[in-house]
Structure formats: structure tokens, C-alpha cells
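Heads up: numbering here begins at 1 and tracks the sequence.
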Amino acid sequence: VQLQASGGGLVQPGGSLRLSCAASGIIFSANVMAWYRQAPGKQRELVATISSSGSTNYAGSVKGRFTISRDDAKNTVYLQMNSLKPEDTAVYYCNAFIRLFPWGQGTLVTVSS
């Protein structure tokens, strides 16, 4: 199993980033997929989920700013992040939601002026 997140970087407050996560070794289309994040010194937290049918849910802190989507043909899940805030700074990971697979290395998002 491989979960390869990419697209992170340094962005100013109010900016946008689009994260991608390519999955291999799993039956991607059968899984509810999710994005998680871990800020420095904090526990990993759930950011957003998307079901096989495309239903989405978001943490209150990102609702209205982040959008999760998926492309089952590419085994890839995306996270569009708009209106970024310094408190969004974290390493972002993708994984399944109901049954976790081994974590990938994640992608670092830094929001700073």
C-alpha cells in the first residue's frame, strides 16, 4: 500500500493550494477516503472525508474553505484549500476513513507571511 501526498508548500495567508494523493495497493473506489493533518506539537486530526458516492464532510475549522474530491479512475483524492490561515499550517496526509492503511509521508503546508 502506498499513499503519496503532494502539492504542499509555502503560501501567504489568504492564498490557495491544491493537494493530491495518489493511492496504490488498495481498492480505491471502495473506500471512503479522507484528508488528515498534524500541526507541530499537536495530534493528527481529521480534515475532510469523501465517500464512494461523492458525499463529503468537513471539520468545522475548514468548512467553506476546503473542498475534497476524488478521481477513481486515477486512484487519487484531492484537497482544494482556499482562504488559508496560519493555523492551517501542518503536514497533510490522506488515508482511508473506516479502515486506516499505513501512513504515507504526507505533504507540508506552511501558511505564513
Using modelled atom types and a 3.5 Å cut-off, is there a donor and acceptor pairing between side-chain atoms of [X] and backbone atoms of [Y]?
{"X": "S52", "Y": "S29", "result": "yes"}
{"X": "T89", "Y": "V111", "result": "yes"}
{"X": "S53", "Y": "S51", "result": "no"}

In Å and rounded to the nearest 0.5 Å, what is the [atom1] to [atom2] distance from [X] to [Y]?
{"X": "M33", "Y": "D72", "atom1": "CE", "atom2": "CG", "value": "9.5 Å"}
{"X": "L19", "Y": "Y78", "atom1": "CG", "atom2": "OH", "value": "12.0 Å"}
{"X": "R65", "Y": "S83", "atom1": "CZ", "atom2": "OG", "value": "7.0 Å"}
{"X": "W35", "Y": "Y92", "atom1": "CH2", "atom2": "OH", "value": "10.0 Å"}
{"X": "R18", "Y": "T67", "atom1": "CZ", "atom2": "OG1", "value": "10.5 Å"}
{"X": "Y93", "Y": "L46", "atom1": "OH", "atom2": "CG", "value": "14.5 Å"}

Could you see if [X] belongs to whatever hydrophobic cluster contains [Y]? Use Ile, Leu, Val, Met, Phe, Trp, Tyr and a side-chain cutoff under 4.5 Å.
{"X": "F101", "Y": "V32", "value": "no"}
{"X": "V62", "Y": "V77", "value": "yes"}
{"X": "Y36", "Y": "L79", "value": "no"}

(message) Filter on side-chain hydrogen bond (donor to acceptor under 3.5 Å, both in side chains), then keep only pairs touching residues 103-113, sequence neighbours left out; what's left?
(response) none
Closest heavy-atom pair and its distance - [X], [Y]:
{"X": "I50", "Y": "S69", "value": "CD1-CA, 3.7 Å"}
{"X": "L84", "Y": "M81", "value": "CD2-CB, 3.8 Å"}
{"X": "L3", "Y": "P102", "value": "CD1-O, 3.7 Å"}
{"X": "I27", "Y": "N31", "value": "O-ND2, 2.8 Å"}
{"X": "I68", "Y": "T49", "value": "CG2-O, 3.6 Å"}
{"X": "L100", "Y": "A96", "value": "CD2-O, 3.2 Å"}

(message) Under 6.0 Å from the ring centre and within 45 degrees of the ring axis: does the NZ or CZ of R70 meet both conditions for the six-membered ring of F28?
(response) yes
(request) Could you verify whether a donor N or O on one side chain and an acceptor N or O on the other, from S16 and N82, lie under 3.5 Å apart? (result) yes
(message) Would you say OH of Y58 has more than 12 non-hydrogen atoms from neighbouring residues, nucleotides or ligands within 6.0 angstrom?
(response) yes
(request) Apply side chain to side chain donor-acceptor pair (under 3.5 Å) to E45 and list each qualifying residue two or more places apart in sequence or on a separate chain. (result) R37
